[in-house]
Every structure is written in C-alpha cells, then in structure tokens.
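Bear in mind that the values here come from a model prediction, so they are computed numbers and not experimental data.
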Amino acid sequence: MVTTVNTTGRTGVAIPRPETSRGGLTRRGFATATLGATAAIGLPASAAQADPAASQHGFDPADWGSVRDQFTLSRDYLQFSAFVLASHPRQVRDAIERYRDALDADPIAAGAGFIDEDGSLEVRTSLAGFLGTDADDVALTDSTTMGLALLYGGLRLGSGQEVLTSEHDFYATHQALRLRHQRGGVPVRKIRLYDDPAMATPDEIVTRIVRSITPRTRVLALTWVNSDNGVKLPARAIADALRDINARRDLSDHVLLCLDGVHGFAAENITMTDLGCDFFATSTHKWLHGPRGTGLLWGKPEHWPFVAPVIPNFSREGYEGWVGDRDPVAAPAILNTPGGYHSFEQRWAVPAAVRFHETIGRARIAKRITSQATLLKDELDRLPNVRVLTPRDPSISAGVVCCTVEGWAAADAEHELRAVHKVIATETPYAQPHLRFGPTMLTAPEQIGRVVKAVRALR
Ligand SMILES: Cc1ncc(COP(=O)(O)O)c(C=O)c1O
C-alpha cells in the first residue's frame, strides 16, 4: 500500500476513503465525511452501530445477574482476577465477530486503511467521551505498556531535565524509563511515596513528591492504582500541587504528571479533568472488559507537541507528508498512534465495550467494585494469618486488594486457592510478590464470604 499512494490521494489499492474533497475540512469535519462514506459501503460504521446492548437477548443492565450472564467466564471458580485480562461480554464478542467476518470477506471494503478512515474515529470518539476529553487528544495503542513506551520514549527532554518516578511503580513504567535512559542518558530518579502502603495518606504522598521535585524535574512518571499493593494515588491533589510549581515555569519546563492509569480506568468513575494528569496511558482490556489488545494514550493538547512519534503512523497526513518529503501536519495524537495494519476487529469493537459499560452505568459499576473491595479488606483484616496491604479508605484505594498470608508464598497461595477452594486470585508480578484479589462487576458481595473462608483455610 505504501508505495502506491500519491499526493492526489489516488492509490493503486482500494483504501476506502470519501469521495469528498478534503479541501477546507478540519479533521473533525473530514471525519464526519469519512464516516459517511464508510457507512455508504456498509462497514464498519453500520456494524459498529448495530449493538443496542440493552435490548438484545433479554439483557437487563439493572440486574447484576444478567450482566454476569453476558460473559462466558467460567463459573467453576470465583473470579477475583477477572480484571487482569478481560473476558468479553457478549456485546463485545458479537462486535468482534461481525468485524472479523467482514475483514475475512473483504478486508479493503471492511475498512482496513488510514486511521480515521478505517472506523477508528468512532473508537477515538467513544474513548474520548468516556474520558471526558476531545478525540483529537486520544492516540490508539495496543496496551498500557505500548502507551507508556510511546510516551517515555518520545517525550522531548531538554539537556539536564530529569524524570522522577517511584519505587512502587510497575515494570512497564520502570522499563520504559530504563530504555529511555539507555538511549539518551536521561536521568531517572526513584522515590518512596510511603513506607507502609496500608497506612499511606494523600498528604504524605503529595508532601514526599513536592519535596523531591527539583528545577530539573520535567516528568513525574507514576501509576494511578498500584497493582502490587492497591494504593490509589491522590492524582488530583498531586496535580494541584504541580499547578503551583508550574505557575512559575515555562510550558516547556512544566512538570508533567504522567500516569499508568490501567487499574483505575473503568474501575473508577472519573474524567481526565477530575483526575488532573497531563498524560494517561491505559489499556481497554482490563476493567472495561474491552477487546484484548486495545488501549489508548491521552494527553493534554498543550503538552502533546512535546511527544515525538517513535512509530510511523498510518494517517493520510502521514503519507502525504512522506510523499511530499515534509513533516506531516496532523493532531499529535494521530501522529503518535502507531501505524501498520492492526487487529481491526478488536479495535473497532472498543465502542461496544464502552456502550456496555455505560449502559450498566459507570457510577454503579464503580460503586459495586468499591463496596466489594471494602468488604473484602475488612473481612481479610480480621484474619489472624493475613496482613492487608491496601488502604481501607476508598479515597486512596480502588478495586485492587493485596495482602500477605503468613507462612505462604503468594504463588503457593494462588495455586492452593485455585486448586482447592476454586477461588482465582493472582500473585503480583513484582520483586516481592503479594496475593491479589480484584472484585469486578462480575463478582458479587455474596462471594466475599467464600473468598475469606478460603484464605482463612490457608493455615
Ligand atoms: C500497573 C500495570 N500497568 C500495566 C500493566 C500491563 O497492562 P497492559 O496489558 O495494558 O500493557 C499491568 C499488568 O498487567 C499493570 O499492573
């Protein structure tokens, strides 16, 4: 495809595109025209719209039992790790199947082509709606890890500027920063945000961060909800503290709050404005139960230009720039969306997951997760053989619940819980692993007692 595109937009292969001239159209206007054209050939927009989650197959979004019925996730176990890699609800499975069938029948007509001419605009728009942002600020990725790599690999840093991260962060953040350090010598400093996660407080965390910021600090690379101990960082309070610091700095010198947001996204009912960060990477294949291999990187419009793309994008602007031997002019989020053909059936099905979630109700889902997590922490805390690592207060915790069990390595506890008690928990993938549970919309408060009984039995 690459070699056949020319500046007039005529191609040697049939990349679906509107017959409309693009002259004078903004990307938004262009996108509308594009979707119109896509709908005219019947795919993928028409397929994307055919998913009224609430009316099919007797699905009752008000009934948690009916929500659970949409998933084929095994009922042989209590599924307290369903957030790790999503099982898809029927609505998402159906959408993926429709797109896969269309791609198998005729990939070109199905819309495999330039970003936003391929049905991905609906994906970006739907995710932007979920985040409370503009679609132009949403780059599509395959995972949180990819988003973090694009961000930390691509951020333009001046000489002397440094990255501040925490000792508690996950491999994806630390390794992306290590790779960046190896490439350009960017200094990366790690700090401790708390000594005991169970006792962590927003004040302590903000104080430690502010104390550690120096005039060289350009990036604050953190994880919103920690997957090793369940601590949810007070992102808004951190952002407020940074606002005061940044008020005295040039834009190119602002301390950027960059979050791995994966364990808060769709588990918490929050928008990017509420959260207050500058960049946010997540996948949609965890708490949203979206298609596996999908994700996003969101950035504030004023900060996106500081991210240099590291993977060629597949946008019409990108190709036109290449053909004209000049830099492409397009929204930075477009330029930072990795190109190459994708597993489009997965990507195009993301709006089905967003619709499913919103049909049930974001606030209801978040409340159900939080109330189960609180109950689980309270019950585990009563056990003499257990130390709960996750703070009890929902203002500093989310759905991830971590603990240690006396005399048990996390891996052995995980195995015993699964094999003997039919409870699926996970060992955290960190240097000193812990035992982790995650109540989701697929679990029920009535199941907590059985989980706790199983942990008590680990004597
Ligand atoms: C904090 C955190 N970030 C990122 C990931 C990886 O997620 P993804 O598949 O979206 O890259 C995980 C675990 O899988 C995680 O715990």
Side-chain angles (χ1 to χ4, degrees), residues 16-18 22 25-39 43-49 51 92 95-96 99 110-144 146-147 150-151 261-262 265-266 271-273 279-285 288 290-291 293-301 303-305 307 309 311-318 328-358:
R17 64 186 303 249
R22 290 191 53 210
L25 281 179
T26 61
R27 173 161 278 279
R28 204 170 288 284
F30 171 52
T32 311
T34 305
L35 279 183
T38 315
L43 290 162
S46 60
Q49 282 151 10
D51 191 41
V92 172
I96 292 170
Y99 295 131
F114 289 143
I115 183 167
D116 283 4
E117 299 175 38
D118 65 354
S120 53
L121 181 70
E122 169 157 342
V123 179
R124 297 197 306 121
T125 304
S126 134
L127 289 172
F130 198 78
L131 298 171
T133 66
D134 194 300
D136 271 355
D137 303 324
V138 176
L140 297 179
T141 65
D142 293 354
S143 61
T144 319
M146 180 188 274
L150 294 170
L151 178 62
V262 74
F265 178 78
T271 65
M272 289 301 101
T273 310
F279 286 97
F280 184 88
T282 185
S283 56
T284 41
H285 56 215
L288 185 71
T294 58
L296 69 95
L297 174 62
W298 169 85
K300 279 188 180 156
H303 297 309
W304 257 126
V307 185
I311 298 178
N313 68 88
F314 266 30
S315 67
R316 187 166 293 281
E317 295 90 337
V329 180
I334 291 284
L335 301 178
N336 279 283
T337 294
Y341 286 118
H342 299 278
S343 42
F344 290 113
E345 63 269 53
Q346 304 291 110
R347 175 170 286 184
W348 294 338
V350 167
V354 170
R355 271 197 299 279
F356 179 71
H357 205 87
E358 288 181 334

Worksheet item: Can you check whether Asp116 reaches Ser315 side chain to side chain, under 4.5 Å on heavy atoms?
Response: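 Counting from C-beta outward, Asp116 and Ser315 never come under 4.5 Å.
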
Worksheet item: Side chains of Leu127 and Leu140: closer than 4.5 Å at any heavy-atom pair?
Response: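 The answer is yes, as the side chains (C-beta and beyond) meet within the 4.5 Å cut-off.
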
If you look at every heavy atom in [X] and [Y], which pair is closest and at what distance?
X      : Y      : value
Pro305 : Pro332 : N-CG, 4.3 Å
Ala349 : Ala95  : CB-CB, 3.8 Å
Ser120 : Ile115 : OG-CG1, 3.2 Å
Asn313 : Gly318 : OD1-CA, 4.0 Å
Pro328 : Glu317 : CB-O, 3.4 Å
Ser126 : Val354 : OG-CG2, 3.4 Å

Worksheet item: Are Phe130 and His357 close enough that their ring centers fall under 6.0 Å?
Response: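 Yes.
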
Practice prompt. Give me the one residue out of Thr337, Val138, Val123 that meets side-chain contact (heavy atoms from CB on, under 4.5 Å) with Leu296.
Written response: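 So the option named by the test is Val138.
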
Got a second to check how far [X]'s [atom1] is from [Y]'s [atom2], nearest 0.5 Å?
X      : Y      : atom1 : atom2 : value
His303 : Asp137 : NE2   : CG    : 11.5 Å
Thr294 : Gln346 : OG1   : CD    : 7.5 Å
Arg347 : Arg124 : CZ    : CZ    : 10.0 Å
Ile334 : Trp304 : CD1   : CH2   : 10.0 Å
Asp134 : Lys300 : CG    : NZ    : 14.5 Å

Worksheet item: Please walk me through it: do Phe265 and Leu131 pass side chain to side chain contact (heavy atoms under 4.5 Å, CB included)?
Response: CA-CA 9 Å; Phe265 178 78; Leu131 298 171; 3.7 Å; yes

Worksheet item: Do Trp298 side-chain atoms and Ala128 backbone N/O form a donor-acceptor pair below 3.5 Å?
Response: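 Between the backbone of Ala128 and the side chain of Trp298 there is no qualifying donor-acceptor contact (under 3.5 Å).
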
Item to complete: Would you check if the side chain of Thr144 reaches a backbone N or O of Ser283 as a donor-acceptor pair within less than 3.5 Å?
Response: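 Looks like yes, one N/O pair under 3.5 Å.
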
Practice prompt. Classify the angle between the aromatic ring planes of Phe344 and His342 as parallel (below 30°), tilted (30 to 60°) or perpendicular (above 60°).
Written response: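 Ring orientation, 0 to 90° scale: perpendicular.
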
Worksheet entry | Set of residues satisfying side chain to side chain contact (heavy atoms under 4.5 Å, CB included) with respect to Thr141, sequence neighbours excluded |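 Side chain to side chain contact (heavy atoms under 4.5 Å, CB included) list for Thr141, sorted by chain: Met146, Leu150, Leu297.
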
